[in-house]
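Quick note: numbers below take in every heavy atom, side chains included, and nothing from hydrogens, waters or symmetry partners. Read the numbers this way: they start at 1 and go in the same order the structure lists the ligands and their atoms.
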Amino acid sequence: MSKLSGIGASAGIAIAKAYRLEEPVLTVEKKAAADTAAESARFDEAIAKSKIELEKIKEHALKELGKDKADIFAAHLLVLSDPELLNPVKDKIQSENVNAEFALKETSDMFVSMFESMDNEYMKERAADIRDVTKRVIAHLLGVEIPNPSMISEEVVIIAEDLTPSDTAQLNRQFVKGFTTDIGGRTSHSAIMARSMEIPAVVGTKEATSSIKNGTLVIVDGLDGDVIIDPSKETIAAYVDKKEKYDLQKAEWAKLVNEPTVTKDSQHVELAANIGTPKDVKGVLENGGEAVGLYRTEFLYMGRDQLPTEEEQFEAYKSVLSDMKGKPVVVRTLDIGGDKELPYLKLPKEMNPFLGFRAIRLCLEEQDIFRTQLRALLRASTFGNLKIMFPMIATVAEFRQAKAILLEEKQKLQDSGAEVSDSIEIGIMVEIPSTAVMADVFAKEVDFFSIGTNDLIQYTMAADRMNERVSYLYQPYNPAILRLVSLVIEAAHKEGKWAGMCGEMAGDPLAIPLLLGLGLDEFSMSATSILPARSQLKQLSKEEAVSFKEKVLSMSTTEEVVSFVKETFMV
Ligand code: PEP
Ligand code: MG
């Protein structure tokens, strides 16, 4: 038995066998074929195995993930039957007397670069299909296993160096009981998704992949950030006990699901949820969310190989708005970049992706993408209470430009006879320090602010939110952050606007008394944090929290703030 410590990224306890999710190393070497006919037969066999595998994956995808995802694998199957690809490989084996994997790799590389250089989206997608399929066939030829998380059919804990948000989205909740990664922090997007999927997770353990073998029994304790490898019987019993206690606590919180969120002195604050897909709305309502405070629309663009159409987006937005039945829904326009990549946009690699061409910067440049999304949103606006917010706003000029484009699309739609709501609030994320500092100026032009502390902290402290080595600098309670948050809330209130927070800090029990004291109006968090937050807020007095505001803002260090909160508000 041994133990790893990491960052508890999603609460709960999972006990199951380890399933290692790794990108296989596929090294293809050129070799002379001893018998070219046998080499061709080996190639046929690898194709046949890949087809059987893909059929299974396609069926599974159709059942679990819908037709869209299943179509990707149908396209892969077509490639595997295409004589235009298969024949040149066999010719190459024959005429150049080489091994099958080498012949396949050379042929496929040639097609991939040919299709990629074409100025045609359809052909570019085919290049991606060929690359994927080739990887699968080569793995069979080399006898290397390709992991496939969507096909897991027994209870497991996933072990990975890192998980991309789209890997996470594909995890099957029925079987994936928890996960642990070497890298990442509480605010990396796989952690955020784990919370919304209610999968216990510990990230940033540094050594999960180097110390956990496939099939070993593992305990993931997302409450304390521990991972126990090969636990003893006594340890298992202790964790089963801890899990039961946690489940009881959850049952207590569940009683608050239909209660209003009011403090001890009868002050209401709004508890909203962050969502990534329309499916998450169910969890918001089950957890008593009063609104959606952040809909991260970029997940609609991920895990696929082309941009979603206006119609697909319209359906997604309409579904969220109608399911929320008139409760507020803050939809954030596309925030791609940082740890959220869209491979099919083929953007050049950047030295500093979190500081690069992303979010609103990309939308203002690639206006077709932006306008399509805005049209879909505007058309859906009549189905509920829509608020639109722009991410990563750094200057007033960016906000003005984005708003002007939104109003242009609205006018065009109305001119064409489409119905668009007239009460859509337009706001911004405050996640760049320049915007927090200029909040008084912004407050005159926006309808609301939503403070994105996940990024605001990383930009203010210059500490990458994904990098566990600098996680000591990632300090939500640093007075520098609290002062910026306070500036934003005060600026909003001065202009009669509201200020919310949709960074992970909003659901953090240590931060909640501070944010209440700073006057925050809306707290938006993972759905599973709503009921614990409601329970906590019921026991706090807003008047008392406000009375400590100046004292807290004049403190010198994070440690000072944390001990103050613990002594004053935590009993
Ligand atoms: C944030 O930065 O706080 C935020 C909510 O956005 P994201 O986590 O998607 O970057
Ligand atoms: Mg952000």
Side-chain angles (χ1 to χ4, degrees), residues 7 9-10 163-166 168-169 184-196 203 272-277 280 291-302 329-342 352-363 387-394 398 402 427-436 439 448-467 474-478 481-482 484-485 488-489 499-508 511 515 520 522-527 529:
I7 300 162
S10 175
L163 282 177
T164 64
S166 66
T168 316
R186 241 191 94 75
T187 59
S188 53
H189 284 95
S190 48
I192 291 171
M193 290 189 67
R195 283 196 284 287
S196 72
V203 300
N274 297 344
I275 64 168
T277 74
D280 297 341
V292 167
L294 166 65
Y295 175 7
R296 289 185 165 93
T297 56
E298 47 279 7
F299 293 115
L300 202 60
Y301 294 67
M302 293 162 65
V329 175
V330 181
V331 181
R332 174 173 77 184
T333 59
L334 180 62
D335 181 9
I336 215 64
D339 61 339
K340 293 171 290 194
E341 290 181 42
L342 284 190
N352 293 301
F354 273 103
L355 300 180
F357 184 58
R358 56 172 293 200
I360 199 69
R361 304 164 184 190
L362 182 142
C363 285
K387 301 172 197 291
I388 297 178
M389 94 177 150
F390 303 123
M392 296 289 294
I393 293 286
E398 279 174 343
I428 58 168
M429 302 262 314
V430 181
E431 47 191 342
I432 297 181
S434 60
T435 300
F448 66 91
F449 290 128
S450 185
I451 308 171
T453 45
N454 302 343
D455 280 318
L456 185 63
I457 298 168
Q458 78 165 343
Y459 297 137
T460 306
M461 306 298 294
D464 183 343
R465 66 195 256 190
M466 304 280 288
N467 185 340
Y474 195 87
Q475 301 181 352
Y477 326 105
N478 187 298
I481 303 298
L482 300 176
L484 288 178
V485 169
V488 176
I489 299 172
M501 177 178 288
C502 59
E504 290 304 304
M505 184 176 177
D508 173 352
L515 299 172
L520 193 72
E522 178 237 35
F523 296 61
S524 192
M525 56 193 73
S526 306
S529 302

Report the atom name of the nearest N/O/S atom of Glu431 relative to the Mg ion (ligand 2).
OE1
Indicate, as side chain, backbone, both or neither, the part of Leu456 found under 4.0 angstrom from ligand 1 when only non-hydrogen atoms are considered.
neither
Could you tell me whether ligand 1 has any atom less than 4.0 Å away from a heavy atom of Arg332?
yes
State plainly whether the residues Asp335 and Arg296 are in salt-bridge range, i.e. N to O under 4.0 Å.
no
State the atoms of ligand 1, each with its element, that fall below the 4.0 Å cut-off from a heavy-atom position in Arg465.
2 (O), 7 (P), 8 (O), 10 (O)
Note: ligand 1 atoms sitting under 4.0 Å from heavy atoms of Glu431 are 1 (C), 2 (O), 6 (O)
Kindly confirm or rule out an N or O of Gly452 lying under 3.5 angstrom from an N or O of ligand 1.
yes
Any nitrogen or oxygen of Glu298 lying under 3.5 Å from a nitrogen or oxygen in ligand 1? Just yes or no.
no
Does Ser524 reach the side chain of Asn274, with side-chain heavy atoms less than 4.5 Å apart?
yes
Please list, in number order, the atoms of ligand 1 under 4.0 Å from a heavy atom of Cys502.
5 (C)
Of all the N, O or S atoms in Asp455, the one nearest to the Mg ion (ligand 2) is OD2
Which ligand 1 atoms does Thr453 reach within 4.0 Å, using its non-hydrogen atoms?
3 (O)
Heavy atoms only, cut-off 4.0 Å: how does Met392 contact ligand 1, side chain, backbone, both, or neither?
neither
Contact between ligand 1 and Lys340 is defined here as a heavy atom of the residue under 4.0 Å from a ligand atom; is it met?
yes
Proximity of Glu504 to ligand 1 by residue part, where a heavy atom lies under 4.0 Å
neither
Proximal atoms of ligand 1 relative to Asp455 (non-hydrogen, under 4.0 Å):
1 (C), 2 (O), 3 (O), 10 (O)
For ligand 1, is Gln458 a contact, meaning one of its heavy atoms is under 4.0 Å away?
no
Nearest to atom 7 (P) of ligand 1, what protein heavy atom do you find, and at what distance?
His189 NE2, 3.4 Å
With a cut-off of 4.0 Å, which atoms of ligand 1 are near a heavy atom of Arg296?
4 (C), 5 (C), 6 (O), 7 (P), 8 (O), 9 (O)
